[in-house]
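The structure is given below, and queries will be raised subsequently.
Atoms considered below: every heavy atom in the structure, side chains included; atoms not considered: hydrogens, waters and symmetry mates.
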Amino acid sequence: MHYVCPACESENTLDLTFPIEEYVCKTCSYLIDVAGNKKTKHLKVPTENVVLDVGQKGKIEDVEYTVVSITVKKYGNSIFWREYSLKDSKGNDAFLSESDGHWVFLISMHPDDFKSKNSKLPTYAGRTYRWYENTPCTIDAAAGFFDEHLDFSVATYKEYVNGTRMISQEKTAKKSQYFYGVHISKHDVKRAFKIAYMPYYTGVGIVQPYYFDMKQALNIFCVAALMICLLQLYVYTSRTNETVFAETINFADVKNKELVSKSFTLSGGSAPLKVNAFSGVDNSWANIQLSLVNEKTNEIIYTSKDIEQYHGYEDGESWSEGSQSEDFNLCGVGSGKYHFIISAEKEGGLPSFSGLTSPDSKVIISRDKSGIIEITDIFKVQTKTFTDGQTLEKDTSDVIRLAKASFGTQKLDSLINTEALKLTTDPISSNTYVQLKATWLPVSFWNFGFILFIMVVLFVAMWIGRHFFNVNKWKNSSNTPYATS
């Protein structure tokens, strides 16, 4: 197609052939009447947010289209949208409409196909459409080739919407046309026509889809929930929770040192290792430091836990807080061979006492709250002091030999720890040990329930979000199905 402008003698070409009545010269922007080969009107050039050019080609739904004209429509003083007229190689018409960055792909339809028993709820192809709004508009700018004369009088667009589909009736003083349109994403338009720049979209488009496909999301959530349930059933029937470690640790045995436990084996997939720690605290505290060591990789998981229990009587009422037992989890522990490294401490020192006398009344033993041990030879009035039980056991002095002979034992440290509990009156000092119990938990319903709960919450949030999305979509309509304040 080739035309020479009678106003400026510029050539206007298009790689398509179809009968036209008018075209806009690309050089001087005059509207040219083809039959009389004369200029009729000078038009504004479409520029703002116009991303396609006349003659540009693109493929939509495997059909190649050529942009044959561009029209900018105006509503009021500040609302504009762009309409791109397309033709395929067979001369079939299609249209792209863009407003605020939202795109609609339209084709012509026969008015008789749009049946209406209710003027606000007509049907088409088995779908009911709701009348959205009437929009009067005029042509603000134009470019390209037109197969009929442009009508610059006021035209009225009457739009009907069903989800991402719409029916648009364009009515002028001379005729009435119907178009069937569907939402098309700006990314599809950009890819089809290889556009470098696309206008940003604002607000919600009249046929813009919700951000999530609710039916597809429901299917995905249901399939995921079914798989999670089957996996949980398999875990429940094939594995059991088992106690892998249980031991009583004396505070005296881990004073200023660490205890290495016996090895134990965990088998199966990663799962929490639940640890229960008990200590007889009474208006006092104890602390346990626990390191889980993977013997193959030397990887260490460290944790520390306080055990506190306090009680009293105040203002005529008794009160209590804390507990003598605490539970905690080491999460995501994989299979393998492990051992614990344990250290512990408590409020106060070892049980203090005085006057532990040997059966033959030759030796007296005492220990203060700091753990200092005094052994006294009564007859020689000689006293020897030791900082701890280990130092005492290594000593070979006359006083120690006499004490061992008098008490009839080679383990004075063990005797002292045992007898100290009988002699002390300090409740804090009488707490001498902590009990640890570790249970392997391959069967856990907490994670299972939590994941299902999150899925339900997400779906409900998406459902509620869709409601507000649709409310926003219809806020400019005088026929909104949603309550307005």
Search all heavy atoms of V207 against all heavy atoms of K473 and return the closest pair with its distance.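 Here V207 and K473 meet closest at C-NZ, 4.0 Å.
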
Heavy-atom side-chain contact between H311 and Y313 under 4.5 Å: no

Around atom CD of E295, are there more than 12 heavy atoms of other residues, nucleotides or ligands at under 6.0 Å? yes

Short question: side chain of Q324, backbone of V281 - any donor-acceptor pair under 3.5 Å?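 Yes, the answer is positive, given that a donor and an acceptor are paired below the 3.5 Å cut-off.
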
Heavy-atom side-chain proximity of L52 to L96 below 4.5 angstrom: yes

Other residues, nucleotides and ligands only: do more than 12 of their heavy atoms fall within 6.0 Å of CD on E299?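 No.
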
Taking side chain as C-beta onward, heavy atoms only, is E133 less than 4.5 Å from N479?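 Answer no - side chains too far apart.
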
Mark yes or no for whether Y84, through its side chain, and V51, through its backbone, hold a donor-acceptor pair below 3.5 Å. yes

Worked verdict on Y210 versus N470 for side chain to side chain contact (heavy atoms under 4.5 Å, CB included): CA-CA 8 Å; Y210 183 47; N470 288 330; 5.8 Å; no

Quick check: does any side chain N or O of S477 sit under 3.5 Å from a backbone N or O of Y132, one acting as donor and the other as acceptor?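 Flag set: sc S477 to bb Y132 pair under 3.5 Å.
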
For the student: nearest non-hydrogen atoms of D53 and V67, plus distance: O-CB, 3.4 Å

Roughly how far, to the nearest 0.5 Å, is CZ of F80 from NZ of K74? 4.5 Å

State, with a plain yes or no, whether a side-chain heavy atom of I416 is found less than 4.5 Å away from one of L392.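 The answer is yes; the side chains approach within 4.5 Å.
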
Distance from I365 atom CD1 to S354 atom OG, nearest 0.5 Å?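 Reported value, rounded in 0.5 Å steps: 12.0 Å.
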
Hey, what do you get for CG (L415) to CD (Q410), rounding to the nearest 0.5 Å? 12.0 Å

Whether over 12 other heavy atoms sit under 6.0 Å from F453 CZ: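 Counting other residues, nucleotides and ligands, CZ of F453 stays at 12 neighbours or fewer.
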
Should we say atom NZ of K362 is surrounded by more than 12 heavy atoms from elsewhere, each under 6.0 Å from it?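 Result for NZ/K362: open.
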
Between the side chain of S358 and the main-chain N/O of V363, is any donor-acceptor distance below 3.5 Å? yes

Search all heavy atoms of K186 against all heavy atoms of P199 and return the closest pair with its distance. NZ-O, 4.0 Å

If only atom types and distance count, is the side chain of W131 paired as donor or acceptor with the main-chain N or O of S478 below 3.5 Å?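 The answer is no, because no donor-acceptor pair under 3.5 Å joins these two groups.
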
Residues, nucleotides or ligands: over 12 heavy atoms within 6.0 Å of K274 NZ: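 Result for NZ/K274: open.
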
Nearest 0.5 Å, what's the CD1-CD distance between I70 and E98?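 The distance works out to 11.5 Å.
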
Can K384 and D395 be counted as an ion pair, charged N to O under 4.0 angstrom? yes

Between the side chains of T66 and K57, does any donor sit under 3.5 Å from an acceptor? yes

Under 4.5 Å between any side-chain heavy atoms of M455 and I228, yes or no?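 A side-chain contact exists here, since the closest heavy-atom pair is under 4.5 Å.
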
Between L436 and L290, does the side chain to side chain contact (heavy atoms under 4.5 Å, CB included) criterion hold? Intermediate values first, please. CA-CA 10 Å; L436 293 177; L290 201 63; 4.0 Å; yes

Can any side-chain N or O of K337 pair as donor or acceptor with the backbone N or O of S263 at less than 3.5 Å?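 Not at all, since once roles are kept as given, no pair shorter than 3.5 Å links the two residues.
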
Measure the CG-NZ distance between D327 and K437 for me, rounded to the nearest 0.5 Å. 9.5 Å

Worked check of side chain to side chain contact (heavy atoms under 4.5 Å, CB included) between R130 and V161: CA-CA 5 Å; R130 176 178 287 272; V161 173; 5.7 Å; no

Taking ring-ring contact (aromatic ring centres under 6.0 Å, His included) as the criterion, tell me which of Y211, Y482, F212, W474 meets it with F469. Y211

Given Y310 and W285, is the side chain to side chain contact (heavy atoms under 4.5 Å, CB included) satisfied, shown in steps? CA-CA 9 Å; Y310 296 94; W285 58 264; 3.6 Å; yes

Tell me whether the centres of the aromatic rings in F264 and F340 are closer together than 6.0 Å. yes

Hey, are the side chains of R82 and N49 touching, using non-hydrogen atoms and a 4.5 Å cut-off? yes

Where do I342 and V254 come nearest, in terms of heavy atoms and distance?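 Shortest heavy-atom separation between I342 and V254 comes out as O-CG1, 4.0 Å.
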
Go through the side-chain N and O atoms of S261 and E247 and say whether any donor and acceptor fall under 3.5 Å apart. no

Is there a donor-acceptor contact under 3.5 Å linking the side chains of S406 and D360? yes

What distance separates L273 CG from N329 CG, expressed to the nearest 0.5 Å?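 One gets 8.0 Å once the value is rounded to the nearest 0.5 Å.
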
Parallel, tilted or perpendicular: rings of W81 and Y157 (30°, 60°):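 Taking W81 first and then Y157, their aromatic rings stand perpendicular (interplane angle over 60°).
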
Between H102 and T202, is there a donor-acceptor pair closer than 3.5 Å when you use the side chain of the first and the backbone of the second? yes

So for atom OH, which belongs to Y180, do other residues, nucleotides or ligands contribute more than 12 heavy atoms lying within a distance under 6.0 Å? yes

Short question: side chain of E83, backbone of F95 - any donor-acceptor pair under 3.5 Å? no

Above 12 or not: heavy atoms from other molecules or residues under 6.0 Å from OH of Y201? no

So, do D93 and K87 sit near enough that their side-chain heavy atoms are less than 4.5 Å apart?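 Yes, close enough: below the 4.5 Å cut-off.
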
A217 and M462 have their tightest heavy-atom pair at CB-CE, 3.5 Å

Does any non-hydrogen side-chain atom of Y160 lie less than 4.5 Å from one of R165?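 Heavy-atom side-chain distance check fails, nothing below 4.5 Å.
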
Taking NZ in K305 as the centre, count heavy atoms belonging to other residues, nucleotides or ligands within less than 6.0 Å. Is the count above 12?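 Result for NZ/K305: enclosed.
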
Atom of A94, atom of Y65 and distance for their closest heavy-atom approach: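 Residues A94 and Y65, closest heavy atoms: CB-CE2, 3.6 Å.
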
